[in-house]
Amino acid sequence: MYRMRFTPWERYGKAAAGSIAAVLDREAGERSRPLGRALDLGCGRGQFTPELARRGWEAVGVDYVPAAIEAAKAGETGGATYVVGDVTNLSSELGEFDFFLDIGCFQGFDGQQRSAVGRGVSSLAKPDATLLILAFGLNRMRSRIGGVSQAEVEEAFPGWELLAAEPAETAGLGWPMNKTNPHWYRLRLRT
């Protein structure tokens with residue numbers, strides 16, 4: 001996708017930066033201090049990992065594409081760290097996390113890979129950890145953009161409770177992104 005310069009999640013992130021910031025502010029505001037550790041799943045070139053660090057998390061970004069991680073490290077990190085890793089096979093060496101963020105990564109996987117992400121996240125989650133997923137909804141362009149339903153999110157994270165599912169901002173995205181029905185899914189690890 002990077003080689004083809006087809007990165008809809010980056011385009012979405014730029015267009016919806018204000019609404020994403022508001023969601024992250026809300027997440028940080030609902031927690032006691034210190035916020036703890038956060039893992040940005042499929043962080044790409046580090047578009048959102050520094051936002052987590054700026055809000056007070058010890059932020060780590062992980063992505064499978066070495067060139068993306070190099071670009072993230074070369075950019076303004078905001079105190080975040082980055083590692084090359086496979087989100088479908090998360091290493092225990094990453095440690096444990098209080099919060100997980102996924103903006104656009106989960107939706108690109110098939111059911112088996114999504115279940116692997118769920119198992120990996122669960123294995124690294126501290127008690128009462130939360131997970132926030134921003135995913136495009138099912139649409140006619142699923143083969144190009146991906147897409148995920150609420151049922152698919154819940155199926156991949158069986159040990160987690162869905163706290164909220166709400167539409168995400170589409171203003172200013174333009175076609176075809178304004179037809180992708182993006183949603184935020186917020187989950188908490190059951191204890």
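Sequential numbering from 1 along the given sequence is applied to the chain's residues. Since this is a predicted model, take the numbers as computed values, not measurements.
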For this session: Spell out, as yes or no, whether a donor-acceptor pair under 3.5 Å connects the side chain of Arg114 to the backbone of Phe109.
Result: yes

Exercise. Which heavy atom of Leu131 sits nearest a heavy atom of Leu41, and at what distance?
Worked result: CD1-CD1, 4.4 Å

Problem set entry | Partners passing side-chain contact (heavy atoms from CB on, under 4.5 Å) against Ala59 (at least two apart in sequence or in another chain) | Thr49, Leu52, Ala53, Ala80

Problem set entry | Any Leu39 side-chain heavy atom under 4.5 Å of Val121 side chain | no

For this session: Test Phe106 against every option in Phe157, Phe100, Phe136 by the ring pair (Phe, Tyr, Trp, His ring centres under 6.0 Å) rule and name the one that passes.
Result: Phe157

Exercise. Quick check: does any side chain N or O of Asp40 sit under 3.5 Å from a backbone N or O of Gly61, one acting as donor and the other as acceptor?
Worked result: no

Seminar exercise, completed: Taken in chain and number order and not counting sequence neighbours, the residues that satisfy side-chain contact (heavy atoms from CB on, under 4.5 Å) with Ser122 are Trp160

Problem set entry | Side-chain touch Cys43/Val60, heavy atoms, less than 4.5 angstrom | no

For this session: Taking all heavy atoms of Phe97 and all of Ala38, pick out the closest pair and write down the distance.
Result: CD2-C, 3.5 Å

Seminar exercise, completed: Sorted by chain and residue number, the salt bridge (Lys or Arg N to Asp or Glu O under 4.0 Å) partners of Lys73 (sequence neighbours excluded) come out as none

Problem set entry | Pairs involving residues 89-107, ordered by first then second residue, that meet salt bridge (charged side-chain N to carboxylate O under 4.0 Å, His left out) (sequence neighbours left out) | Asp98-Lys126

Exercise. Residues two or more places apart in sequence or in another chain: which of them pass ring pair (Phe, Tyr, Trp, His ring centres under 6.0 Å) with Tyr82?
Worked result: none

Exercise. Are any of the side-chain heavy atoms of Ile133 and Val148 separated by less than 4.5 Å?
Worked result: no

Problem set entry | salt bridge (Lys or Arg N to Asp or Glu O under 4.0 Å) partners of Asp25, counting only residues at least two apart | Arg55

Exercise. Of all residues at least two apart in sequence or in a different chain, which pass the side-chain contact (heavy atoms from CB on, under 4.5 Å) check with Glu154?
Worked result: Gln150, Leu162

Seminar exercise, completed: Sorted by chain and residue number, the side-chain hydrogen bond (donor to acceptor under 3.5 Å, both in side chains) partners of Asn89 (sequence neighbours excluded) come out as none

Exercise. Glu27: what forms a side-chain hydrogen bond (donor to acceptor under 3.5 Å, both in side chains) with it, not counting sequence neighbours?
Worked result: Arg31, Thr130, Arg186

Exercise. For Arg54, what residues pass the side-chain hydrogen bond (donor to acceptor under 3.5 Å, both in side chains) criterion, not counting sequence neighbours?
Worked result: Glu51, Glu76

Exercise. How would you list, by chain and number, every residue that makes a side-chain contact (heavy atoms from CB on, under 4.5 Å) with Glu155, sequence neighbours excluded?
Worked result: none

Exercise. Given side chains that start at C-beta, do those of Leu134 and Val23 come closer than 4.5 Å, heavy atoms only?
Worked result: no

Seminar exercise, completed: Sorted by chain and number, sequence neighbours left out, side-chain hydrogen bond (donor to acceptor under 3.5 Å, both in side chains) with Glu166 holds for Arg26

For this session: Might you point out which heavy atoms bring Leu124 and Ser91 nearest each other, and give the distance in Å?
Result: CD2-O, 3.8 Å

